[in-house]
Amino acid sequence: MRIYLVRHGMTEANEKHLYCGSTDLPLSERGAARLRQISCARPQVERFITSGLRRCDETMTILWGDVPRETVPAFREIDFGIFEMRGYVELRDDPAYQAWLSGDNEENVPPGGESGRQMQCRVLDAFDKMISDGRDAAIVTHGGTIAIIMAELFPSEGRSRYDWQPEPGCGYVLDIDGRQVIYRNWNEREGGAHMKKDVRNKKPEECAYSFVQHTACEFFPCHKTDHPEDFNCLFCYCPLYTLGSKCGGNFVYLDSGIKDCSNCLVPHGRGSYSYIISRYPELAELAKKNR
């Protein structure tokens, strides 16, 4: 299953660095113009979902046209309460604002709003229900919403929610195969390319060396997939096979004791490089035992 998590385009609040969660703003002229500059083909999926706020619906329409869409209010941004549409310069001397920023920022509730923990619970509950459907989907939502989902799915990366938050009009692609979830940046591959990254700060999945296709191979793709354009041939033979039942893939053991990996795409995803490499210390330990 493939999920596209896309942040809405830029708004006036983004441009002026104002808190904006529940306020129903439209896209700014600049934000809409940037979205229209995305010339890459838009992925076609079975479900289109937005938070229901105007900036998300407008982004969906610009990127995918007037497609039928579902509204999931639980995917809305956090409600900043009385701080909505106000900025740091205006608020910095406000005792209520100072109290909100101090202590546990996840549990603190802005007057008239909601806490980070409250938002996290509703977002993750809605996301779990959405992926249980099993269909490919494009979700146009908010930066904070996307950050919560990514931090929950990839805790081992040690990135904060602020680190996970994509730029307006950008986002991530999630490929979910059983227990395995891998990701790549949507803006790097299929749109939103107005944001350039310093190559020194790129993750392996954003670099050419982590993805290879040998389309001339008689067996390409050698595993069944609905997305052959993302089939990675770099690990032709899976290095994790020798880890047995601990490889993390979708396999079954045959009566002969041989592991049948026909339905596993773990080493063959576009974002599989980091996961495979992260398991190498276990392979090294296994090699020591077999010297």
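Below, all heavy atoms of this structure are taken into account, side chains as well, without hydrogens, waters or symmetry copies.
Side-chain contact of Ser28 with Glu15: a donor-acceptor pair under 3.5 Å is present, judged by distance alone.
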Please determine whether side chain to side chain contact (heavy atoms under 4.5 Å, CB included) holds for the pair Gln213 and Phe231, giving the CA-CA distance in whole Å, both sets of side-chain angles, and the decisive distance to 0.1 Å.
CA-CA 7 Å; Gln213 279 198 336; Phe231 192 88; 4.1 Å; yes
Stepwise side-chain hydrogen bond (donor to acceptor under 3.5 Å, both in side chains) test for Gln37 and Arg34
CA-CA 5 Å; Gln37 291 172 358; Arg34 281 193 171 190; 5.9 Å; no
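Grouped by direct or indirect side-chain proximity (heavy atoms under 4.5 Å, Ile/Leu/Val/Met/Phe/Trp/Tyr only), Tyr253 sits with Phe251.
In this structure the side chain of Arg184 never reaches within 4.5 angstrom of the side chain of Leu174, judged on heavy atoms. Tyr172 has its side chain out of reach of Tyr4: every pair of non-hydrogen atoms, C-beta onward, lies at least 4.5 Å apart.
Every salt bridge (charged side-chain N to carboxylate O under 4.0 Å, His left out) that Glu90 has, sequence neighbours left out, goes to Arg86. With sequence neighbours excluded, no residue forms a side-chain hydrogen bond (donor to acceptor under 3.5 Å, both in side chains) with Glu29. Take Glu282 and apply the side-chain hydrogen bond (donor to acceptor under 3.5 Å, both in side chains) test, not counting sequence neighbours, and it matches Arg279. Checked against salt bridge (charged side-chain N to carboxylate O under 4.0 Å, His left out), Glu152 has no partners two or more places apart in sequence or in another chain. In terms of the side-chain hydrogen bond (donor to acceptor under 3.5 Å, both in side chains) criterion, residue partners of Glu285 (sequence neighbours excluded) are, by chain and number, Lys288. In this structure Tyr237 satisfies the side chain to side chain contact (heavy atoms under 4.5 Å, CB included) test with no other residue, sequence neighbours excluded. Take Asp125 and apply the salt bridge (charged side-chain N to carboxylate O under 4.0 Å, His left out) test, not counting sequence neighbours, and it matches Lys129. Checked against ring-ring contact (aromatic ring centres under 6.0 Å, His included), Phe75 has no partners two or more places apart in sequence or in another chain. Every residue two or more places apart in sequence or in another chain was checked for a side-chain hydrogen bond (donor to acceptor under 3.5 Å, both in side chains) with Asp177, and none qualifies.
Contact check on Arg47 versus Glu70 returns a salt bridge, with a Lys/Arg side-chain nitrogen under 4.0 Å from an Asp/Glu carboxylate oxygen. A salt bridge links Asp175 to Arg2: one of the charged nitrogens lies within less than 4.0 Å of a carboxylate oxygen.
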List, one per line, each side-chain donor-acceptor pair under 3.5 Å for residues 54-64, sequence neighbours excluded.
from	atom 1	to	atom 2	distance (Å)
Arg54	NE	Glu58	OE2	2.8
Arg55	NE	His8	NE2	3.3
Arg55	NH1	Thr23	O	2.6
Arg55	NH2	Gly21	O	2.8
Asp57	OD1	Thr50	OG1	2.9
Glu58	OE1	Leu27	N	2.9
Thr59	OG1	Gly9	N	3.0
Thr59	OG1	Arg55	O	2.7
Thr61	OG1	Asp57	O	3.0
Thr61	OG1	Arg69	NH1	3.2
Thr61	OG1	Arg69	NH2	3.2
Trp64	NE1	Pro43	O	2.8

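Aromatic ring centres of Phe211 and Tyr273 lie farther apart than the 6.0 Å criterion allows.
Of the possible polar contacts, one joining the His223 side chain to the Cys261 backbone as a donor-acceptor pair under 3.5 Å is found. Of the possible polar contacts, one joining the Asn14 side chain to the Thr11 backbone as a donor-acceptor pair under 3.5 Å is found.
Pairs passing the salt bridge (Lys or Arg N to Asp or Glu O under 4.0 Å) check and including a residue from residues 74-83, sequence neighbours excluded, do not occur.
Within 6.0 Å of OH on Tyr88 lie no more than 12 heavy atoms contributed by other residues, nucleotides or ligands.
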